[in-house]
Amino acid sequence: MRTLDDLDVEDRRVLVRVDFNVPLEAGEVADDTRIRAALPTIEELRRRRARLLLVSHLGRPSGKVVPGLSLRPAADRLAELTGADVTLAPGVVGPEVEALAANLLPGDVLMLENARFEPGETDNDDDLARGLAALADVYVNDAFGAAHRAHASTEAVAHLVPDHAAGRLLASEVETLTRLLEDPRRPLVAVIGGAKVSDKIGVIERFLETADALLIGGAMCFPFFRAQDHEIGDSLCAEEDLGRPGWRSTAPSARTAASSCRATW
């Protein structure tokens, strides 16, 4: 796996996919844990005189501009944490963004607007990926929380920027997971949470093979309850997570996983 150690970034435009999908309250960041997790990569690249462009998603705006899901609060919080001037672009791609990217100086930080304001983001659209690739000389993925999704800013763009690598957070998480899966200390208990089972079914099935116990929490637990015919009231439960007839995906569902899951709720 290529990391920052393999990159020459001085005076080059580096597009960094970060995970700033943070909770907001009253227009401010309520929990900056994910922003802080990206600081080692961001600060190292600034020290090495890279010209930084950051791209992230926030929430589920479904390809529409939703003012309440702007990355402005995240940009402001990043500026507070780093002491850098963080400019928020007016969009994700396009002439205005290209002009801002072209004028970046070494150590400058430009944050693109919410990637999911673009309809092509979740469709892994080639045109959007080409627009992102045009902004950068180097691509770095440091968004561990979004790296499992084949989206334009996480997958398609990586094929279009030849010089690419993992950031410090992503590399660390991959190394930790590799160690856990290949030579874990026993007993190994895996704790998995989130909103949708379909996003993480591959991880669940892999840990079913390796872990001594698997704890599933958050909204992800409700499809498992439904799959076992328990009542869940109005709790969040995506229909596609149950693998119902007519669902377009062929991926395993909670119903399939629940039949063999050694889980405790």
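All residue numbers in this chain count up from 1 along the given sequence.
Checked by atom type and distance alone, the side chain of Arg48 pairs as donor or acceptor with a backbone atom of Leu7 at under 3.5 Å. Not a single donor-acceptor pair under 3.5 Å links the side chain of Ser172 to the backbone N or O of Arg168. Asp142 places a side-chain N or O within donor-acceptor distance of the main-chain N or O of Leu170, the cut-off being under 3.5 Å. A distance-only check finds a donor-acceptor pair linking the side chain of Asn124 to the backbone of Ala156 [under 3.5 Å]. In this structure, the side chain of His164 engages the main chain of Pro162 through a donor-acceptor pair within 3.5 Å. The closest donor-acceptor contact from the side chain of Asn114 to the backbone of Leu69 lies under 3.5 Å. Of the possible donor and acceptor atoms, one in the side chain of Arg51 sits under 3.5 Å from a partner among the backbone N and O of Leu104. Checked by atom type and distance alone, the side chain of Arg116 pairs as donor or acceptor with a backbone atom of Gly59 at under 3.5 Å.
In this structure, Glu96 places its CD atom where only 12 or fewer heavy-atom neighbours from other residues, nucleotides or ligands lie under 6.0 Å away. Residue Arg185 qualifies as open at atom CZ: its count of foreign heavy atoms under 6.0 Å is 12 or below.
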Which pairs would a plain distance check flag for residues 27-34, meaning a side-chain donor or acceptor within less than 3.5 Å of a matching protein atom at least two apart in sequence or in another chain?
from	atom 1	to	atom 2	distance (Å)
Asp31	OD1	Thr33	N	3.0
Asp31	OD1	Thr33	OG1	2.5
Asp32	OD1	Arg36	NE	3.1
Asp32	OD2	Arg36	NE	3.1
Asp32	OD2	Arg77	NE	2.9
Asp32	OD2	Arg77	NH2	2.8
Arg34	NH1	Asp19	OD1	3.4
Arg34	NH1	Asp19	OD2	3.2
Arg34	NH1	Asn21	O	3.2

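Leu112 places a side-chain heavy atom less than 4.5 Å from the side chain of Leu135.
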Could you walk me through whether Arg179 and Asp183 pass the salt bridge (Lys or Arg N to Asp or Glu O under 4.0 Å) test, one step at a time? CA-CA 6 Å; Arg179 185 168 61 251; Asp183 186 25; over 6 Å; no

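Placement of Leu52 and Met111 within a single hydrophobic cluster is found when ILVMFWY residues are connected by side-chain heavy-atom separations under 4.5 Å, directly or transitively.
When each of His151, Arg17, Glu118 is checked for a side chain to side chain donor-acceptor pair (under 3.5 Å) with His57, only Arg17 meets the rule. Evaluated for a side-chain contact (heavy atoms from CB on, under 4.5 Å) with Leu54, the options Val109, Leu88, Leu71 yield exactly one hit, Val109.
Asp137 approaches Val161 most closely through the heavy-atom pair O-CG1, 3.7 Å.
Between the side chains of Ser153 and Glu121, at least one donor N or O sits under 3.5 Å from an acceptor N or O.
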